[in-house]
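Working notes, beginning with the structure itself.
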Protein chains: 2
Amino acid sequence: MQNRADPRLLDAERLIQERLGGRRLDFDSMLAVSNIYRAATAVRRRAEKGVLSEFGLSWGGFTTLWVLWVWGEMQSADLADECDLSKGTLTGVVKTLEKQGFVKRTPVAADRRKVTVSLTGAGLETIEQLFPRFNLYEGEMVINLSATEKRELAELLRRVIVTAGSS
Amino acid sequence: MQNRADPRLLDAERLIQERLGGRRLDFDSMLAVSNIYRAATAVRRRAEKGVLSEFGLSWGGFTTLWVLWVWGEMQSADLADECDLSKGTLTGVVKTLEKQGFVKRTPVAADRRKVTVSLTGAGLETIEQLFPRFNLYEGEMVINLSATEKRELAELLRRVIVTAGSS
DNA sequence: TAATATCCGTTTGGTAGCAAACGAAATCGG
DNA sequence: CCGATTTCGTTTGCTACCAAACGGATATTA
(Lines give C-alpha, C1' and ligand atoms only; values in the text may rest on other atoms or scores of the structure.)
Protein backbone atom coordinates (compact mmCIF):
# COMPACT_ATOMS: atom_id res chain seq x y z
CA MET A 1 0.00 0.00 0.00
CA GLN A 2 1.67 3.16 -1.14
CA ASN A 3 0.02 5.37 1.38
CA ARG A 4 1.89 8.47 0.37
CA ALA A 5 0.83 8.50 -3.23
CA ASP A 6 -1.23 11.69 -3.13
CA PRO A 7 -0.01 14.34 -0.72
CA ARG A 8 -3.16 16.38 -1.11
CA LEU A 9 -5.70 14.15 0.54
CA LEU A 10 -3.82 11.86 2.82
CA ASP A 11 -2.74 14.33 5.47
CA ALA A 12 -6.18 14.36 7.03
CA GLU A 13 -6.42 10.63 6.74
CA ARG A 14 -3.17 10.17 8.60
CA LEU A 15 -4.26 12.55 11.33
CA ILE A 16 -7.43 10.56 11.74
CA GLN A 17 -5.48 7.36 12.12
CA GLU A 18 -3.35 8.98 14.80
CA ARG A 19 -6.38 10.26 16.67
CA LEU A 20 -8.50 7.17 16.39
CA GLY A 21 -5.83 4.55 16.01
CA GLY A 22 -6.26 3.37 19.57
CA ARG A 23 -9.76 2.19 18.84
CA ARG A 24 -10.47 -0.96 16.90
CA LEU A 25 -11.84 0.62 13.75
CA ASP A 26 -12.19 -0.43 10.15
CA PHE A 27 -10.19 2.23 8.37
CA ASP A 28 -10.29 0.64 4.94
CA SER A 29 -14.08 0.73 4.92
CA MET A 30 -14.13 4.19 6.42
CA LEU A 31 -11.91 5.67 3.75
CA ALA A 32 -13.71 3.89 0.95
CA VAL A 33 -17.14 5.09 2.06
CA SER A 34 -16.18 8.63 2.95
CA ASN A 35 -14.36 9.07 -0.33
CA ILE A 36 -17.45 7.93 -2.21
CA TYR A 37 -19.37 10.75 -0.65
CA ARG A 38 -16.70 13.37 -1.13
CA ALA A 39 -16.24 12.39 -4.76
CA ALA A 40 -19.97 12.56 -5.42
CA THR A 41 -20.20 16.04 -3.93
CA ALA A 42 -17.24 17.27 -5.95
CA VAL A 43 -18.58 15.79 -9.15
CA ARG A 44 -22.05 17.20 -8.65
CA ARG A 45 -20.84 20.66 -7.79
CA ARG A 46 -18.55 20.81 -10.78
CA ALA A 47 -21.28 19.70 -13.16
CA GLU A 48 -23.83 22.11 -11.72
CA LYS A 49 -21.48 25.07 -11.86
CA GLY A 50 -20.30 24.11 -15.30
CA VAL A 51 -22.69 22.84 -17.94
CA LEU A 52 -25.91 22.49 -16.01
CA SER A 53 -26.22 26.07 -14.86
CA GLU A 54 -26.05 27.24 -18.47
CA PHE A 55 -29.24 25.34 -19.13
CA GLY A 56 -30.89 26.31 -15.85
CA LEU A 57 -30.87 22.73 -14.64
CA SER A 58 -30.10 21.17 -11.29
CA TRP A 59 -28.55 17.73 -11.01
CA GLY A 60 -31.99 16.25 -10.36
CA GLY A 61 -33.54 18.10 -13.26
CA PHE A 62 -30.80 16.91 -15.57
CA THR A 63 -31.15 13.33 -14.40
CA THR A 64 -34.88 13.41 -15.02
CA LEU A 65 -34.46 14.81 -18.50
CA TRP A 66 -31.82 12.23 -19.24
CA VAL A 67 -33.91 9.30 -18.03
CA LEU A 68 -36.85 10.45 -20.13
CA TRP A 69 -34.55 10.72 -23.10
CA VAL A 70 -33.22 7.20 -22.72
CA TRP A 71 -36.41 5.48 -21.65
CA GLY A 72 -39.06 7.60 -23.31
CA GLU A 73 -42.41 8.55 -21.83
CA MET A 74 -42.76 7.17 -18.33
CA GLN A 75 -45.24 6.85 -15.56
CA SER A 76 -44.47 9.06 -12.60
CA ALA A 77 -43.66 6.28 -10.13
CA ASP A 78 -41.29 4.53 -12.53
CA LEU A 79 -39.61 7.80 -13.32
CA ALA A 80 -39.04 8.52 -9.64
CA ASP A 81 -37.61 5.07 -9.25
CA GLU A 82 -35.26 5.38 -12.19
CA CYS A 83 -34.10 8.83 -11.08
CA ASP A 84 -33.56 7.49 -7.57
CA LEU A 85 -35.85 10.12 -6.04
CA SER A 86 -38.83 9.85 -3.75
CA LYS A 87 -42.14 10.37 -5.48
CA GLY A 88 -42.68 13.57 -3.53
CA THR A 89 -39.39 14.99 -4.72
CA LEU A 90 -40.11 13.99 -8.27
CA THR A 91 -43.36 15.95 -8.22
CA GLY A 92 -41.34 19.06 -7.45
CA VAL A 93 -38.65 18.40 -10.05
CA VAL A 94 -41.24 17.74 -12.75
CA LYS A 95 -43.10 20.88 -11.76
CA THR A 96 -39.93 22.91 -12.28
CA LEU A 97 -39.14 21.21 -15.59
CA GLU A 98 -42.71 21.83 -16.70
CA LYS A 99 -42.38 25.53 -15.91
CA GLN A 100 -39.21 25.57 -18.01
CA GLY A 101 -41.06 23.88 -20.86
CA PHE A 102 -38.82 20.82 -20.98
CA VAL A 103 -41.40 18.27 -19.98
CA LYS A 104 -45.13 17.67 -20.13
CA ARG A 105 -47.48 15.66 -17.93
CA THR A 106 -50.32 13.64 -19.45
CA PRO A 107 -53.18 12.06 -17.50
CA VAL A 108 -53.73 8.35 -18.17
CA ALA A 109 -57.25 7.73 -19.42
CA ALA A 110 -57.42 4.12 -18.23
CA ASP A 111 -56.46 4.94 -14.65
CA ARG A 112 -57.09 8.46 -13.57
CA ARG A 113 -54.75 8.29 -10.60
CA LYS A 114 -51.82 7.97 -12.98
CA VAL A 115 -49.83 10.49 -14.95
CA THR A 116 -47.16 10.02 -17.57
CA VAL A 117 -44.28 12.40 -18.07
CA SER A 118 -42.53 12.96 -21.38
CA LEU A 119 -40.10 15.34 -23.04
CA THR A 120 -41.41 18.27 -25.03
CA GLY A 121 -39.72 19.27 -28.27
CA ALA A 122 -37.71 21.85 -26.38
CA GLY A 123 -36.78 19.25 -23.77
CA LEU A 124 -35.56 16.83 -26.42
CA GLU A 125 -33.56 19.53 -28.14
CA THR A 126 -32.04 20.58 -24.83
CA ILE A 127 -30.94 17.15 -23.69
CA GLU A 128 -29.55 16.33 -27.12
CA GLN A 129 -27.44 19.45 -26.98
CA LEU A 130 -26.59 19.12 -23.34
CA PHE A 131 -25.67 15.52 -22.90
CA PRO A 132 -22.59 15.41 -25.13
CA ARG A 133 -21.26 18.38 -23.22
CA PHE A 134 -22.10 16.79 -19.90
CA ASN A 135 -20.30 13.68 -21.04
CA LEU A 136 -17.19 15.74 -21.73
CA TYR A 137 -17.33 16.94 -18.14
CA GLU A 138 -17.59 13.38 -16.95
CA GLY A 139 -14.51 12.56 -18.94
CA GLU A 140 -12.60 15.46 -17.41
CA MET A 141 -13.44 14.38 -13.92
CA VAL A 142 -11.93 10.95 -14.39
CA ILE A 143 -9.12 12.11 -16.62
CA ASN A 144 -6.56 10.73 -14.18
CA LEU A 145 -7.94 7.22 -14.53
CA SER A 146 -7.10 4.83 -17.33
CA ALA A 147 -9.95 3.15 -19.20
CA THR A 148 -9.35 0.01 -17.20
CA GLU A 149 -9.41 1.93 -13.94
CA LYS A 150 -12.66 3.61 -14.89
CA ARG A 151 -14.28 0.25 -15.48
CA GLU A 152 -12.79 -1.05 -12.28
CA LEU A 153 -14.14 1.92 -10.37
CA ALA A 154 -17.58 1.50 -11.90
CA GLU A 155 -17.57 -2.18 -11.02
CA LEU A 156 -16.49 -1.66 -7.42
CA LEU A 157 -19.15 1.00 -6.99
CA ARG A 158 -21.76 -1.25 -8.54
CA ARG A 159 -21.15 -3.71 -5.74
CA VAL A 160 -21.49 -0.99 -3.13
CA ILE A 161 -24.73 0.20 -4.69
CA VAL A 162 -26.20 -3.27 -4.60
CA THR A 163 -25.24 -3.79 -0.97
CA ALA A 164 -26.17 -0.36 0.36
CA GLY A 165 -29.24 -0.05 -1.82
CA SER A 166 -30.91 -3.20 -0.55
CA SER A 167 -32.01 -1.68 2.71
CA MET B 1 -14.37 -6.71 -19.46
CA GLN B 2 -16.91 -9.12 -18.08
CA ASN B 3 -19.90 -6.99 -18.75
CA ARG B 4 -22.43 -9.47 -17.46
CA ALA B 5 -20.99 -9.84 -14.00
CA ASP B 6 -23.86 -8.29 -12.07
CA PRO B 7 -27.28 -8.83 -13.57
CA ARG B 8 -28.89 -6.32 -11.22
CA LEU B 9 -27.38 -3.11 -12.45
CA LEU B 10 -26.22 -3.70 -15.94
CA ASP B 11 -29.56 -4.04 -17.70
CA ALA B 12 -30.10 -0.31 -17.64
CA GLU B 13 -26.54 0.29 -18.70
CA ARG B 14 -26.94 -1.96 -21.71
CA LEU B 15 -30.16 -0.24 -22.68
CA ILE B 16 -28.39 3.07 -22.54
CA GLN B 17 -25.66 1.82 -24.80
CA GLU B 18 -28.25 0.64 -27.29
CA ARG B 19 -30.07 3.95 -27.24
CA LEU B 20 -27.04 6.18 -27.31
CA GLY B 21 -24.56 3.89 -28.99
CA GLY B 22 -24.83 5.73 -32.27
CA ARG B 23 -23.34 8.84 -30.74
CA ARG B 24 -19.69 9.17 -30.00
CA LEU B 25 -19.84 9.07 -26.22
CA ASP B 26 -17.46 8.19 -23.45
CA PHE B 27 -19.29 5.36 -21.73
CA ASP B 28 -16.48 4.39 -19.40
CA SER B 29 -16.43 7.85 -17.88
CA MET B 30 -20.20 8.05 -17.84
CA LEU B 31 -20.60 4.84 -15.89
CA ALA B 32 -17.81 5.68 -13.48
CA VAL B 33 -19.21 9.10 -12.66
CA SER B 34 -22.85 8.14 -12.46
CA ASN B 35 -22.06 5.18 -10.24
CA ILE B 36 -20.17 7.47 -7.88
CA TYR B 37 -23.30 9.49 -7.41
CA ARG B 38 -25.62 6.53 -7.07
CA ALA B 39 -23.33 4.88 -4.55
CA ALA B 40 -23.10 8.05 -2.48
CA THR B 41 -26.86 8.40 -2.35
CA ALA B 42 -27.33 4.78 -1.35
CA VAL B 43 -24.68 5.01 1.34
CA ARG B 44 -26.03 8.22 2.77
CA ARG B 45 -29.60 7.03 2.86
CA ARG B 46 -28.69 3.80 4.53
CA ALA B 47 -26.65 5.53 7.20
CA GLU B 48 -29.32 8.14 7.86
CA LYS B 49 -32.09 5.59 8.16
CA GLY B 50 -29.93 3.31 10.26
CA VAL B 51 -27.65 4.68 12.94
CA LEU B 52 -27.94 8.41 12.43
CA SER B 53 -31.69 8.70 12.90
CA GLU B 54 -31.38 7.07 16.31
CA PHE B 55 -29.25 10.00 17.39
CA GLY B 56 -31.35 12.61 15.62
CA LEU B 57 -28.51 13.46 13.28
CA SER B 58 -28.37 14.16 9.57
CA TRP B 59 -25.37 13.26 7.48
CA GLY B 60 -24.12 16.84 7.71
CA GLY B 61 -24.66 16.97 11.45
CA PHE B 62 -22.77 13.73 11.89
CA THR B 63 -19.91 14.91 9.72
CA THR B 64 -19.60 18.10 11.71
CA LEU B 65 -19.57 16.26 15.02
CA TRP B 66 -17.01 13.86 13.67
CA VAL B 67 -14.71 16.58 12.38
CA LEU B 68 -14.84 18.37 15.71
CA TRP B 69 -14.04 15.10 17.43
CA VAL B 70 -10.99 14.44 15.30
CA TRP B 71 -9.70 17.97 15.01
CA GLY B 72 -10.90 19.53 18.23
CA GLU B 73 -12.24 23.05 18.63
CA MET B 74 -12.27 24.83 15.30
CA GLN B 75 -12.95 28.18 13.81
CA SER B 76 -16.14 28.33 11.80
CA ALA B 77 -14.56 28.82 8.39
CA ASP B 78 -12.12 25.95 8.84
CA LEU B 79 -14.90 23.73 10.05
CA ALA B 80 -17.00 24.50 6.98
CA ASP B 81 -14.02 23.73 4.84
CA GLU B 82 -13.27 20.45 6.52
CA CYS B 83 -16.93 19.39 6.40
CA ASP B 84 -17.05 20.36 2.74
CA LEU B 85 -19.97 22.73 3.30
CA SER B 86 -20.49 26.35 2.40
CA LYS B 87 -20.18 28.68 5.35
CA GLY B 88 -23.86 29.54 5.09
CA THR B 89 -24.85 25.91 5.32
CA LEU B 90 -22.53 25.37 8.25
CA THR B 91 -24.21 28.14 10.19
CA GLY B 92 -27.46 26.22 9.90
CA VAL B 93 -25.98 22.85 10.81
CA VAL B 94 -24.23 24.30 13.85
CA LYS B 95 -27.43 26.02 14.88
CA THR B 96 -29.23 22.67 14.85
CA LEU B 97 -26.42 20.91 16.71
CA GLU B 98 -26.44 23.71 19.26
CA LYS B 99 -30.17 23.27 19.83
CA GLN B 100 -29.52 19.57 20.38
CA GLY B 101 -26.81 20.40 22.89
CA PHE B 102 -24.01 18.66 21.00
CA VAL B 103 -21.95 21.70 20.22
CA LYS B 104 -21.19 25.16 21.57
CA ARG B 105 -20.09 28.36 19.91
CA THR B 106 -17.52 30.62 21.57
CA PRO B 107 -16.69 34.15 20.46
CA VAL B 108 -13.00 34.81 19.90
CA ALA B 109 -11.79 37.64 22.11
CA ALA B 110 -8.89 38.64 19.88
CA ASP B 111 -11.06 39.02 16.78
CA ARG B 112 -14.69 39.61 17.39
CA ARG B 113 -15.78 38.63 13.90
CA LYS B 114 -14.69 35.09 14.60
CA VAL B 115 -16.36 32.22 16.42
CA THR B 116 -15.02 28.83 17.41
CA VAL B 117 -17.15 25.74 17.58
CA SER B 118 -16.47 22.81 19.91
CA LEU B 119 -18.12 19.69 21.24
CA THR B 120 -20.02 19.82 24.50
CA GLY B 121 -19.76 16.94 26.95
CA ALA B 122 -22.94 15.49 25.52
CA GLY B 123 -21.58 15.91 22.01
CA LEU B 124 -18.37 14.08 22.88
CA GLU B 125 -20.28 11.29 24.55
CA THR B 126 -22.57 10.99 21.55
CA ILE B 127 -19.89 10.81 18.89
CA GLU B 128 -17.85 8.35 20.95
CA GLN B 129 -20.86 6.09 21.17
CA LEU B 130 -21.99 6.71 17.64
CA PHE B 131 -18.86 6.45 15.59
CA PRO B 132 -18.03 2.81 16.22
CA ARG B 133 -21.55 1.92 15.19
CA PHE B 134 -21.33 4.12 12.13
CA ASN B 135 -18.09 2.42 11.26
CA LEU B 136 -19.83 -0.95 11.39
CA TYR B 137 -22.31 0.39 8.86
CA GLU B 138 -19.48 1.49 6.64
CA GLY B 139 -18.07 -1.99 6.83
CA GLU B 140 -21.39 -3.53 5.87
CA MET B 141 -21.72 -1.32 2.84
CA VAL B 142 -18.42 -2.48 1.38
CA ILE B 143 -18.74 -6.04 2.60
CA ASN B 144 -18.50 -7.33 -0.95
CA LEU B 145 -15.07 -5.77 -1.44
CA SER B 146 -11.81 -7.29 -0.28
CA ALA B 147 -9.44 -5.16 1.77
CA THR B 148 -7.34 -4.58 -1.31
CA GLU B 149 -10.37 -3.56 -3.33
CA LYS B 150 -11.44 -1.10 -0.63
CA ARG B 151 -8.05 0.57 -0.74
CA GLU B 152 -8.16 0.54 -4.51
CA LEU B 153 -11.59 2.13 -4.49
CA ALA B 154 -10.48 4.77 -2.03
CA GLU B 155 -7.43 5.53 -4.13
CA LEU B 156 -9.34 5.82 -7.41
CA LEU B 157 -11.87 8.11 -5.75
CA ARG B 158 -9.11 10.21 -4.26
CA ARG B 159 -7.93 10.98 -7.77
CA VAL B 160 -11.44 11.93 -8.85
CA ILE B 161 -11.82 14.20 -5.83
CA VAL B 162 -8.61 16.00 -6.62
CA THR B 163 -9.56 16.53 -10.26
CA ALA B 164 -13.19 17.46 -9.74
CA GLY B 165 -12.53 19.45 -6.59
CA SER B 166 -10.03 21.82 -8.19
CA SER B 167 -12.64 23.87 -9.97
C1' DT C 1 -72.52 -4.02 -4.77
C1' DA C 2 -71.32 -1.74 -0.77
C1' DA C 3 -67.77 -1.38 2.52
C1' DT C 4 -62.96 -1.73 2.92
C1' DA C 5 -58.43 -1.78 1.56
C1' DT C 6 -54.90 -0.48 -1.52
C1' DC C 7 -52.63 2.39 -4.81
C1' DC C 8 -51.13 6.78 -6.97
C1' DG C 9 -49.57 11.46 -7.26
C1' DT C 10 -49.66 15.70 -4.61
C1' DT C 11 -49.20 18.45 -0.57
C1' DT C 12 -47.14 19.55 3.79
C1' DG C 13 -43.65 20.42 7.08
C1' DG C 14 -39.24 19.91 7.97
C1' DT C 15 -33.89 19.92 7.18
C1' DA C 16 -30.14 20.63 4.01
C1' DG C 17 -27.72 22.93 0.78
C1' DC C 18 -25.95 27.05 -2.14
C1' DA C 19 -24.99 31.87 -3.71
C1' DA C 20 -25.27 36.38 -2.84
C1' DA C 21 -26.26 40.25 0.04
C1' DC C 22 -25.26 42.04 4.53
C1' DG C 23 -23.24 44.16 8.71
C1' DA C 24 -19.80 44.28 11.98
C1' DA C 25 -14.92 44.08 12.72
C1' DA C 26 -10.23 44.24 11.39
C1' DT C 27 -6.62 45.84 8.20
C1' DC C 28 -4.39 48.71 4.99
C1' DG C 29 -2.88 53.22 2.74
C1' DG C 30 -2.09 57.54 2.83
C1' DC D 1 -5.31 58.43 12.55
C1' DC D 2 -9.21 57.97 9.14
C1' DG D 3 -11.38 56.46 4.98
C1' DA D 4 -11.47 52.43 1.91
C1' DT D 5 -10.99 47.62 1.47
C1' DT D 6 -11.07 43.04 3.04
C1' DT D 7 -12.52 39.38 6.04
C1' DC D 8 -15.63 37.16 9.05
C1' DG D 9 -20.16 34.77 10.27
C1' DT D 10 -25.03 35.39 9.56
C1' DT D 11 -29.17 36.19 6.97
C1' DT D 12 -31.99 35.78 2.91
C1' DG D 13 -34.16 33.65 -0.92
C1' DC D 14 -34.20 29.88 -3.44
C1' DT D 15 -34.14 24.72 -4.92
C1' DA D 16 -33.83 20.03 -3.47
C1' DC D 17 -34.85 16.36 -0.83
C1' DC D 18 -37.48 13.15 2.39
C1' DA D 19 -41.26 11.11 5.18
C1' DA D 20 -45.74 11.17 6.26
C1' DA D 21 -50.34 12.72 5.70
C1' DC D 22 -53.83 13.35 2.27
C1' DG D 23 -57.53 12.62 -1.09
C1' DG D 24 -59.20 10.79 -5.15
C1' DA D 25 -59.40 6.42 -7.89
C1' DT D 26 -59.20 1.57 -8.37
C1' DA D 27 -59.36 -3.28 -6.40
C1' DT D 28 -60.92 -6.52 -3.28
C1' DT D 29 -64.04 -9.06 -0.66
C1' DA D 30 -67.88 -10.24 1.79
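Quick caveat: nothing in here was measured; it's all calculated off a predicted structure. Naming convention: chains lettered A, B, ... in sequence-line order (proteins, then strands); numbering from 1 in each chain.
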Can you check whether [X] has a side-chain N or O nearer than 4.0 Å to OP1 or OP2 of [N]?
| X | N | result |
| --- | --- | --- |
| A:Lys49 | C:dA19 | yes |
| B:Arg112 | C:dA25 | yes |
| A:Ser86 | D:dC17 | no |
| B:Thr96 | C:dA16 | yes |

Using a strict cut-off of less than 4.0 Å between a Lys/Arg side-chain nitrogen and an Asp/Glu carboxylate oxygen, indicate whether B:Arg159 and B:Glu155 qualify as a salt bridge.
yes
Between A:Asp78 and A:Arg45, which is nearer to the 5' end of DNA chain C once each is assigned its nearest nucleotide?
A:Asp78
Between [X] ([atom1]) and [N] ([atom2]), how many Å, whole number?
| X | N | atom1 | atom2 | value |
| --- | --- | --- | --- | --- |
| B:Lys114 | D:dT6 | NZ | C1' | 13 Å |
| B:Asp111 | C:dG23 | CG | P | 19 Å |
| B:Leu57 | D:dC18 | CG | C1' | 17 Å |
| A:Trp59 | C:dG17 | CH2 | C1' | 16 Å |
| A:Lys95 | C:dT10 | NZ | P | 8 Å |
| A:Leu52 | C:dC18 | CG | P | 16 Å |
| A:Arg105 | C:dC8 | CZ | C1' | 12 Å |
| A:Glu48 | C:dG17 | CD | P | 13 Å |

In this structure, are over 12 heavy atoms from other groups packed under 6.0 Å from B:Glu73 atom CD?
yes
Please tell me which of the listed nucleotides, [options], lies nearest to the side chain of [X]?
| X | options | result |
| --- | --- | --- |
| B:Leu85 | D:dG9, C:dC18, C:dT10 | C:dC18 |
| A:Arg113 | C:dC8, D:dC18, D:dT6 | C:dC8 |
| A:Ser76 | C:dT10, D:dA25, D:dC17 | C:dT10 |
| B:Lys87 | C:dA26, C:dG17, D:dG9 | D:dG9 |

Under 4.0 Å, counting only non-hydrogen atoms across every strand here, what does [X] touch: a base, just sugar-phosphate, or nothing?
| X | result |
| --- | --- |
| B:Thr89 | base |
| B:Thr91 | base |
| B:Gly88 | base |
| B:Lys99 | nothing |
| B:Gln75 | sugar-phosphate |

Looking just at side-chain N and O atoms, do B:Arg46 and B:Tyr137 make a donor-acceptor pair shorter than 3.5 Å?
no
Between A:Asn135 (side chain only) and B:Asp26 (backbone N and O only), is there a donor and an acceptor less than 3.5 Å apart?
yes
Toward the 5' end of DNA chain D, by each residue's nearest nucleotide, B:Ala77 or A:Ala110:
B:Ala77
If each of A:Gly61 and B:Val115 is mapped to the nucleotide of DNA chain D with the nearest heavy atom, which maps nearer the 5' terminus, i.e. the 5' end?
B:Val115
Ring geometry between A:Phe131 and A:Phe62 (parallel below 30°, tilted from 30 to 60°, perpendicular above 60°):
parallel
Evaluate the criterion side-chain contact (heavy atoms from CB on, under 4.5 Å) for residue pair B:Gln75 and B:Asp111; output intermediate values, then yes/no.
CA-CA 11 Å; B:Gln75 198 165 309; B:Asp111 185 340; over 6 Å; no
